[in-house]
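What follows is one structure encoded as structure tokens, with my remarks underneath.
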Amino acid sequence: MSTRAFITGVSGTELTAVEREFIRDQRPWGFILFKRNVATPAQVAALVAELRTAAGAADAPVLIDQEGGRVQRLGPPHWPVYPPGAVFSTLYDTDSTLGLTAARLSARLIAADLADLGITVDCLPLADVPVEGADAVIGNRAYGTEPGKVAAIARAVTEGLEQGGVLPVLKHIPGHGRATADTHFKLPTVDTPRAELERTDFAAFEPLSDLPMAMTAHVVFSAVDPAQPATTSATMIADVIRGVIGFQGLLMSDDVSMNALSGNIAERTRAIFAAGCDMALHCNGNIEEMREVAGQTPELSGRALERANAALAARKAPQPLDRVAARMELDALIARANTASA
């Protein structure tokens, strides 16, 4: 059965009749969960199954942002706390092997949590390289300020997810680290010269260009396109994301409902596809906005369909994991990082 090229959120812990009808009629490619969708493990697993049943697709991808630190949709009392990316950065500076081990372990344990629920995609890793004076929206989520280190830790996180049978989504391509505003609320413009962007921000993403999926940044890079953020810039997508960085996987927008984008929801959605994104992401569960997105979203076809199929095919069977031993090792590494940063 054909699908439309969008990923949608829903409003609560179970589907409403209206949402069930919407999903059946509009056929989104996938779904994304937030804290409003989470109560207990049994409830989340039931919601995931309900989403797939409504879509008529047993393999419909279900996404979540489960990074650790401030961005963790699953948390206590039913799921453990995971460290933010800065912990891996601190460990890496002490001993690069330990930093990569901790990053891989954390992601492997997260993947096990997600697999229990039927969630198959995590919006992780980040390859954003923050700079002094940038908005704190990235902050300690980042893996450092040096592109090579960021890419290395992001690769370890990717490996951990993949070992647990969960697909990664690279974000926020081509870089959110210099943004001076939170794109949930306003559009930031980065005026850094292109040569410096290629040396730092873009360079962190290049070694990760083989990842199956990536999410755009709602950020203007005036040296490349002074008018449009990366998400709606054909120049940024063709020249930088597909060109300089060399990413050839499935490219999804960041949330179309974020206020960094101009115009109404329908106009934003059209602009996302016109620029060259393969997939629109809509997160807030507002049914009227969901209908607007669906109304402007094409059937998934051509090169976008090939990339979507390749992404799903990249998912691997989970490898065995001793969760207790892995968590003990991770906790010991976190304690070491906390000592190093004290």
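A 6.0 Å sphere centred on NE2 of His78 holds more than 12 heavy atoms belonging to other residues, nucleotides or ligands. Atom CD of Glu267 sits in a crowded spot, with more than 12 heavy atoms from other residues, nucleotides or ligands closer than 6.0 Å.
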(request) Using the side-chain contact (heavy atoms from CB on, under 4.5 Å) rule, take Asp239 and Arg194 through it: C-alpha gap first, then chi angles, then the decisive distance, then the call. (result) CA-CA 12 Å; Asp239 186 13; Arg194 177 163 178 160; 2.8 Å; yes
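Paired with Phe88 under the rule side chain to side chain contact (heavy atoms under 4.5 Å, CB included), one option of Leu333, Ile153, Ile334, Leu100 passes, and it is Ile153.
For Arg242 and Asp278, the salt-bridge test passes: some basic side-chain N is under 4.0 Å from an acidic carboxylate O. The pair Asp128-Arg141 does not count as a salt bridge, with every side-chain nitrogen at least 4.0 angstrom from each carboxylate oxygen. Using a cut-off of 4.0 Å between Lys/Arg side-chain N and Asp/Glu carboxylate O, Asp25 and Arg4 are scored as not salt-bridged. A salt bridge links Lys171 to Glu67: one of the charged nitrogens lies within less than 4.0 Å of a carboxylate oxygen. Under 4.0 Å is where a charged nitrogen must lie from a carboxylate oxygen, and between Asp113 and Arg323 at least one such pair does.
Counting only N and O atoms by type, the side chains of Thr200 and Arg178 include a donor and acceptor under 3.5 Å apart. For the 3.5 Å distance criterion, the side chains of Arg270 and Gln296 qualify, holding a donor opposite an acceptor. Side chains of His172 and Thr183: a donor-acceptor N/O pair is absent below 3.5 angstrom, by distance only.
Side-chain atoms of Thr158 come within 3.5 Å of backbone N or O of Ala154 as a donor-acceptor pair. A donor-acceptor pair under 3.5 Å is absent between the side-chain atoms of Arg315 and the main chain of Leu167, judged by distance alone. Although no hydrogens or angles enter the test, the distance criterion places a donor-acceptor pair under 3.5 Å between the side chain of Thr231 and the main chain of Ala217. With hydrogens and angles ignored, the 3.5 Å screen pairs no side-chain donor or acceptor of Ser209 with any backbone N or O of Phe205. Using modelled atom types, no side-chain atom of Gln72 and backbone atom of Gly75 make a donor-acceptor pair closer than 3.5 Å.
If you take CD1 on Ile265 and CZ on Arg291, they are separated by 14.5 Å, rounding to the nearest 0.5 Å. A distance of 8.5 Å separates CG in Asp255 from CE in Met215, rounded to the nearest 0.5 Å.
Within the cation-pi definition used here (under 6.0 Å to the ring centroid, within 45° of the axis), Arg73 does not qualify as a partner of Tyr82.
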